[in-house]
There are 2 protein chains.
Amino acid sequence: MSNRTRILRLSRYKNAALRLKSLNFLKVFSDNLADATGVTASQVRKDFSIFGIEGNRRGGYQIDELLTQLNKVLGKDKLQKFIIVGIGNLGRALINYQGFVKSEIKILAGFDIDPAKFNRKADALILPMEELPGFVKTNEVELAILTVPEFAAQEAFEKLRNAGIKGILNFAPIRLKSDDKVIVHNLNLETEFENLIYFVNTHTVPQD
Amino acid sequence: MSNRTRILRLSRYKNAALRLKSLNFLKVFSDNLADATGVTASQVRKDFSIFGIEGNRRGGYQIDELLTQLNKVLGKDKLQKFIIVGIGNLGRALINYQGFVKSEIKILAGFDIDPAKFNRKADALILPMEELPGFVKTNEVELAILTVPEFAAQEAFEKLRNAGIKGILNFAPIRLKSDDKVIVHNLNLETEFENLIYFVNTHTVPQD
DNA sequence: CGCAAATTGTGATAAAAATCACATAATAAC
DNA sequence: GTTATTATGTGATTTTTATCACAATTTGCG
């Protein structure tokens, strides 16, 4: 009882709660979160109930308490260290992205095979692939982002697997052959574009 | 009978078929596509059947014919023109991304409020926001990508809406208030990261 | 040509996800 | 302190989505 869409919704609730907190709200109700995220109020409550997150009848949810619990469920109560393989346009953008700094996500280093991209400065460390296994071990990294071209994806994936990486966010447009040692989450930008195109062309409104 | 996940799967089938075509395959069976995309063969057939895509019993699907039909359903039988608003790390990466060139997706121009980012060269046109409505009209653009910071998202959205944009791929971490004139597809990278973190931390395997 | 093998297409069935609806509890008002 | 009001939490129900299973059809082979 823990599918992907439900977890995605928990993330959204957390973001909505954070925004309300920044507006000095102290408590929040299921229908506030529902409005902010575009689901029904009972969906919110059901999701919470499945993860044992409780509020007070009539009193709603204390935002601070709620955030603590959501972060705990989502594993954001501790720093999550990533590396990134493939420093093209997208890889570079992610490494420079400032949106994660306030959250518990940190991209420690990038890796590439192109010496022209290497960079030993601490703020945007880019290292040769050969150093990947050592780096992963020393820094106890479990998570990786894969932003290499399609033809290089499977090989890069094997290297990450062998280095002991446990989870990969894969932007390469290919389904990686994996056993269940490594969890791969695929995110294909072209597919997302196509999805939007479909709904615009058919004038139908998807329920997000 | 046309939800988002089903359309996402059609995109994946298309990508898988393209890959097989590049390996000189002429026909493909539902279980090939199933293997390549990680679903069941009957799911593939059911998806096709819902969109009236037919193969031959015993003969499978002719790849060329299948691609034509999938592209038609997905609206990729004609060029889809995008603009992009917000030229930060991610916006710049998408504008420079080469992955779309072979597909029917083209990003015509970027828009920003920062004069330092303006660029009138044809290959990576970046214009001031004031020129957006005119550009959209002249070039008959219906689709946009929104990569501005959270605080600027709602305002940028209104401008896109007023300019006549019909669909928006929104990377800003906020749910935009919209009527049904504009279709908004939200894609929050932090949420995707959190999703992976959850499944790695809980050692559960999501069915992708 | 006729039989065997393989694959589709889809109605029936099962599983999963979302919504409903209401008893239960907390809060506020007087 | 009693009553009225407002939210939650969750079992029951409905809706949606996916799988099963098999008849129908095509292809290949002797």
Side-chain angles (χ1 to χ4, degrees), chain A residues 1-13 16-17 20 25-67 69-70 73 195 198-199 204-208, chain B residues 1-13 16-17 20 25-67 69-70 73 195 198-199 204-208:
Chain A
M1 185 64 78
S2 70
N3 76 71
R4 176 162 290 173
T5 19
R6 178 158 281 128
I7 305 298
L8 286 172
R9 283 200 302 270
L10 289 187
S11 279
R12 297 213 199 103
Y13 303 152
L20 292 168
F25 280 64
L26 290 179
K27 57 185 188 179
V28 65
F29 303 109
S30 57
D31 65 333
N32 301 145
L33 295 172
D35 287 349
T37 57
V39 302
T40 64
S42 62
Q43 177 83 84
V44 174
R45 298 200 297 275
K46 182 71 93 179
D47 286 339
F48 284 176
S49 125
I50 281 165
F51 289 96
I53 294 174
E54 299 193 342
N56 290 335
R57 288 168 203 237
R58 173 91 200 234
Y61 304 85
Q62 294 296 120
I63 290 195
D64 281 329
E65 172 61 10
L66 178 63
L67 283 170
Q69 297 203 71
L70 284 172
V73 169
N195 203 250
Y198 173 85
F199 287 104
T204 53
V205 181
Q207 71 291 27
D208 174 58
Chain B
M1 187 63 77
S2 71
N3 76 72
R4 176 162 291 173
T5 20
R6 176 160 283 127
I7 305 298
L8 287 171
R9 283 200 303 268
L10 290 186
S11 279
R12 296 212 200 103
Y13 303 151
L20 292 168
F25 280 64
L26 291 179
K27 57 184 185 178
V28 64
F29 303 109
S30 57
D31 66 332
N32 300 144
L33 295 172
D35 287 349
T37 56
V39 302
T40 64
S42 61
Q43 177 83 83
V44 175
R45 298 199 299 274
K46 181 72 91 180
D47 286 339
F48 285 177
S49 125
I50 281 165
F51 289 96
I53 295 174
E54 299 193 343
N56 289 336
R57 289 169 202 236
R58 172 91 198 233
Y61 305 85
Q62 294 297 119
I63 289 196
D64 282 330
E65 171 63 9
L66 178 62
L67 284 171
Q69 297 203 71
L70 284 172
V73 170
N195 204 250
Y198 174 84
F199 287 104
T204 53
V205 181
Q207 73 291 25
D208 174 59

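Note: CG (B:Asp47) to P (C:dT8) measures 14 Å, nearest angstrom. In this structure, the CG atom of A:Asp31 is 9 Å from the C1' atom of D:dA7, given to the nearest Å. Summarising the geometry, the separation between CD1 on B:Ile53 and P on C:dT10 is reported as 13 Å, rounded to the nearest angstrom. Distance, A:Arg6 CZ to C:dA15 C1': 14 Å, rounded to whole Å. Taking atom CD on A:Glu54 and atom P on C:dA26, their separation rounds to 11 Å, with Å as the unit. Put simply, CZ on B:Phe29 is 11 Å from P on C:dA6, counting in whole angstrom units. Here the P atom of nucleotide C:dA18 and the CZ atom of B:Arg4 are 14 Å apart, to the nearest Å. Atom C1' of nucleotide D:dT19 and atom CZ of B:Arg9 are separated by 12 Å, given to the nearest angstrom.
No hydrogens or angles were tested; on distance alone, nothing pairs the side chain of B:Arg57 with the base of D:dT25 as donor and acceptor under 3.5 Å.
Within the structure, a side-chain polar atom (N or O) of A:Gln43 is placed less than 4.0 Å from OP1 or OP2 of C:dT19. Between A:Asn3 and C:dA17 there is a side-chain N or O to OP1 or OP2 distance below 4.0 Å. The shortest distance between the side-chain N/O atoms of B:Tyr61 and the OP1/OP2 oxygens of C:dG9 is below 4.0 Å. Contact between the side-chain N/O atoms of A:Ser42 and the OP1/OP2 oxygens of C:dC20 is not found at any separation under 4.0 Å. One finds a side-chain N or O of A:Ser30 lying less than 4.0 angstrom from the OP1 or OP2 phosphate oxygen of D:dT8. Contact check, B:Thr40 against D:dT19: a side-chain N or O comes under 4.0 Å of OP1 or OP2.
Side-chain contact between B:Val73 and B:Phe48: absent, with no pair of heavy atoms (C-beta onward) separated by less than 4.5 Å. A:Tyr13 places a side-chain heavy atom less than 4.5 Å from the side chain of A:Val39.
Between A:Phe199 and B:Asn3, the shortest heavy-atom contact is CZ-C, 4.0 Å.
Comparing A:Thr5 and A:Gly59 along DNA chain C, the residue whose closest nucleotide (by nearest heavy atom) sits nearer the 5' end is A:Thr5.
Side-chain proximity of B:Arg45 to the nucleotides C:dA17, D:dT26, C:dT10 is greatest for C:dT10. Closest to the side chain of B:Asn56, from the set D:dT27, C:dA18, C:dG9, is D:dT27.
Partners of A:Gln69 by side-chain contact (heavy atoms from CB on, under 4.5 Å), not counting sequence neighbours, listed by chain and number: A:Ile53, A:Glu65. By the side chain to side chain donor-acceptor pair (under 3.5 Å) test, A:Thr40 pairs with no residue at all, sequence neighbours left out. Judged as a salt bridge (Lys or Arg N to Asp or Glu O under 4.0 Å), and not counting sequence neighbours, B:Asp35 has no contacts. Evaluation of the side-chain contact (heavy atoms from CB on, under 4.5 Å) rule for B:Ser49 yields no partner, not counting sequence neighbours.
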Using a 3.5 Å cut-off and no angle test, enumerate the donor-acceptor pairs between side-chain atoms of residues 27-34 of chain A and protein atoms at least two apart in sequence or in another chain.
residue : atom : partner : partner atom : Å
A:Ser30 : OG   : A:Arg45 : NH1          : 3.2
A:Asn32 : OD1  : A:Phe29 : N            : 2.9

Atom pairs, N/O to N/O, protein against nucleotides 2-5 of chain D, distance under 3.5 Å?
residue : atom : partner : partner atom : Å
D:dT5   : O2   : A:Arg58 : NH1          : 2.4

